[in-house]
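What follows is a set of notes on a single structure, which appears directly below.
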Number of protein chains: 2
Amino acid sequence: MAPTLVDVAARAGVSTATVSRVLNGNYPVSPGTKARVLAALHELDYVVNGPARALAAASSDMLGVIVNDVSDPFFGILSSGIQWEAGGAELLAVICNTAGSPEDELKYMQLLLRQRARAIVLTGGGREDPDHAERVAQLIRQCHERGARVVFCGRQAPPDSEAVSILFDNRGGARALTRHLLAMGHRRFAYVSGPEANTTTTARAAGHRDALLAAGLEPEDGAALHGDFSRASGFAAGMELVRRGVDCTAVVAGNDLTALGVMAALREQGVRVPEDVSVAGFDDLPVAMDAAPALSTVRLPLREAAARAGRLAIGADDMPGPDGLVWLSSELIVRESVGPPGRGLASTARL
Amino acid sequence: MAPTLVDVAARAGVSTATVSRVLNGNYPVSPGTKARVLAALHELDYVVNGPARALAAASSDMLGVIVNDVSDPFFGILSSGIQWEAGGAELLAVICNTAGSPEDELKYMQLLLRQRARAIVLTGGGREDPDHAERVAQLIRQCHERGARVVFCGRQAPPDSEAVSILFDNRGGARALTRHLLAMGHRRFAYVSGPEANTTTTARAAGHRDALLAAGLEPEDGAALHGDFSRASGFAAGMELVRRGVDCTAVVAGNDLTALGVMAALREQGVRVPEDVSVAGFDDLPVAMDAAPALSTVRLPLREAAARAGRLAIGADDMPGPDGLVWLSSELIVRESVGPPGRGLASTARL
DNA sequence: TTGTACGCGTTATCAG
DNA sequence: CTGATAACGCGTACAA
């Protein structure tokens, strides 16, 4: 059996209280007894019982991070940054993959709540569904009642939830990107977005639309497809665009992975990027730089977002402003995947 | 204050034991009282206290995963797969980033031990240091004493530690890769490996060396550099090779990210890949396929490894064989970054 | 089927 | 500075 405080105390010839004091260093202990206790601790290979401590102290040293999927670099980078801050504060970061399922999101929030996590960070876009939002708001309330912080990173917290939000300028970034494409001369677009009813999807699509309308163009919804932000869905969408004979000179994707998939599909169909068709992404993941051709995209300060979210979660930073909102700006990154309008998709794709 | 079993029991007019039984469903409870308890549970928004339960039941529902860095796709994919299995078993996966530091590895093992984690999965290569190995072995022993499973994924467990190991055929894969380069006609190589004294680094370098020796070539250690498996270190190494005037026709990198960095550096120096110099990676991360040019590499079954490690960790699979070793095979992936020998690095790089 | 009562390993309060 | 001892919230023999 694992040794407990009682065992250590017996061996050192002191009370459990004294051992606890040595362990936590929050009360004075004479050097002599301290040495004896430390020796006993070492000899028995004593390891603190986390659950017992959490029960007695009514607080745990866990930090929950809810993501879509850690293997998606977008979330991997966020997770890594948050985990870094957590580790610095001697906290354990629990990563929960929801695979985009709103039910799993709720399930994991409950699981973290029951573990008495110090804080929960919800990353990425959220589902646009009043019912779901209400249930999330309810859970946030419970978190706060128990003294757990809740931080949103990539989407806005429900109104009057008192939770902090780190926000990306998705709409502005998307607007700038499409403006860039328009400036290059493009007029016929296809848009491959993320999952439906997702806040990130919506914001980016809105930015794209903003730019189109400002240029006096009518957004053609016929050339808009939904994916799930994965490379595979981008590939499928690329093939679908070809199949449908969509005649565009530029494909705007909801994120980089989708753009990568689209480019792979076009390549396979004999369409050259950017000579025949331009392709743009969003996020500026590391892979965007190494892709063929390098991806024109919008850079999001993911590492900074993660650091701020992490620091907010561990309580190192104070709640910002009265509205609890932190806006992070985006930056247009011009590379090689976008060029002047080419011959277009319909006339170059060989089915 | 958060409601406890006592509150629920009072409200439902039953004892705490009954509430506990309803919660766990491990003892018969009459439908009537069950309904009353469920109602009370709901009305009070009761949430189980995880630590208290863990203390009473002497077991927690946490699964620890130790990785170098989740934002590295290699580890992101492993983490995601393990987390998937954990989630399916209603367990929480705790991801710990060590950033390659052996001290952090030990620190996190202790932290997980103290949380009474059900199992710990150590991923990636390990440090080749008898002293460190001994301390790890010591911690593994403590884990086993407390009934926690330990699974290695990507490196071999210390001898007689009774821990299970999922292993990649790093050496065989590296051998096959270099054999391929030799078959293409290359004779002058540069090698950019991972961190020193790392089991993965060593195994891959050994495979490369095997192939060279088998072909009657003398490994030129002058053209071997160490990185840390990151893209940045690959970029630095690529620049350094140029600076040193290393005259090779092929650069073999210890992993894909390093290869990507090398390619970026060569590109920047005016060296074409693969026309002038060939570059090869290892791992076959998703990015290898989208890179420019697409990377010739060695595919490792990361998702499979993660699934097996996860299942072993949660106890869904039995300990394999008498030696506790599971070998996973690798596969040579030929793409565009390797071609016939070109003019070589020294004669094409413009400093 | 249900209730009582004790133990799980710590922390914290209160004496000494 | 140190030692008893009472929580902390839950699971579970044991008894009814």
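Not measured: the values here are computed from a predicted model. Chain letters run A, B, ... following the sequence lines, proteins first, then strands; residues in each count from 1.
If you take CG of B/Asn26 and P of C/dT2, they are 14 Å apart, rounded to a whole angstrom. Put simply, CZ on A/Arg36 is 11 Å from C1' on D/dT2, counting in whole angstrom units. Distance CD (A/Gln115) to P (D/dG9): 15 Å, rounded to an integer number of Å. Taking atom CG of residue B/Leu5 and atom C1' of nucleotide D/dA7, one finds them 16 Å apart after rounding to whole Å. For the pair A/Asp61 CG and C/dT11 C1', the interatomic distance rounds to 14 Å; values are reported in whole Å. Between the P atom of C/dT11 and the CG atom of A/Leu23 lies a distance of 6 Å, rounded to the nearest Å. Rounded to whole angstrom, the span from the CG atom of B/Leu44 across to the C1' atom of D/dG9 amounts to 15 Å. If you measure from atom CZ of A/Arg116 to atom C1' of D/dC8, you get 11 Å, rounded to the nearest angstrom.
Closest approach to the A/Ala52 side chain among C/dG9, D/dG11, D/dG9 is made by C/dG9 (side chain taken as heavy atoms from C-beta onward). In the set C/dT11, C/dT1, C/dT2, the nucleotide with an atom closest to the side chain of A/Asn24 is C/dT11. For B/Ala17, counting side-chain heavy atoms from C-beta on, the closest listed nucleotide (C/dT4, C/dG7, C/dT2) is C/dT4. The nucleotide whose nearest atom lies closest to any side-chain atom of A/Ala56 is, among C/dT11, C/dT2, D/dG3, C/dT11. Picking from D/dA13, C/dT10, C/dG9 the nucleotide with the shortest atom distance to the side chain of B/Tyr27 gives D/dA13. Relative to the side chain of B/Ser20, the nucleotides C/dG3, D/dG11, D/dG3 differ in distance, and D/dG11 lies closest. Which of D/dT2, D/dC10, C/dG9 sits closest to the side chain of A/Val29 comes down to D/dT2.
Crowding of B/Arg114 atom CZ: a count of heavy atoms from other residues, nucleotides or ligands under 6.0 Å exceeding 12.
Between B/Arg155 and B/Glu105, at least one side-chain nitrogen of the basic residue sits less than 4.0 Å from a carboxylate oxygen of the acidic one, meeting the salt-bridge criterion.
No hydrogens or angles considered: a donor-acceptor pair under 3.5 Å links the side chains of A/Asp61 and B/Gln115. Defined by atom type and a distance below 3.5 Å, a donor-acceptor pair is present between the side-chain atoms of B/Asp45 and A/Gln138.
The shortest distance between the side-chain N/O atoms of A/Thr18 and the OP1/OP2 oxygens of D/dT2 is not below 4.0 Å. Of the side-chain N and O atoms in B/Arg53, one or more sit less than 4.0 angstrom from OP1 or OP2 of D/dG11. Within the structure, every side-chain polar atom (N or O) of A/Thr33 is placed at least 4.0 Å from both OP1 and OP2 of D/dC1. For the pair B/Thr4 and D/dG9, the criterion of a side-chain N or O lying under 4.0 Å from OP1 or OP2 is not met. Within the 4.0 Å cut-off from OP1 or OP2 of C/dG3, not a single side-chain nitrogen or oxygen of B/Thr16 is found.
Contact annotation for A/Val6: no contact, since no heavy-atom pair falls under 4.0 Å across all strands.
Here the CD1 atom belonging to A/Ile166 is positioned 9.0 Å from the CG atom belonging to A/Leu325, to the nearest 0.5 angstrom.
Each of B/Arg21 and B/Asn49 was assigned the nucleotide of DNA chain D with the nearest heavy atom; the assignment lying further toward the 5' end belongs to B/Asn49.
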After noting the C-alpha distance and the side-chain angles of B/Leu113 and B/Arg146, does the key distance pass the side-chain contact (heavy atoms from CB on, under 4.5 Å) rule? CA-CA 8 Å; B/Leu113 202 48; B/Arg146 286 146 211 268; 4.0 Å; yes
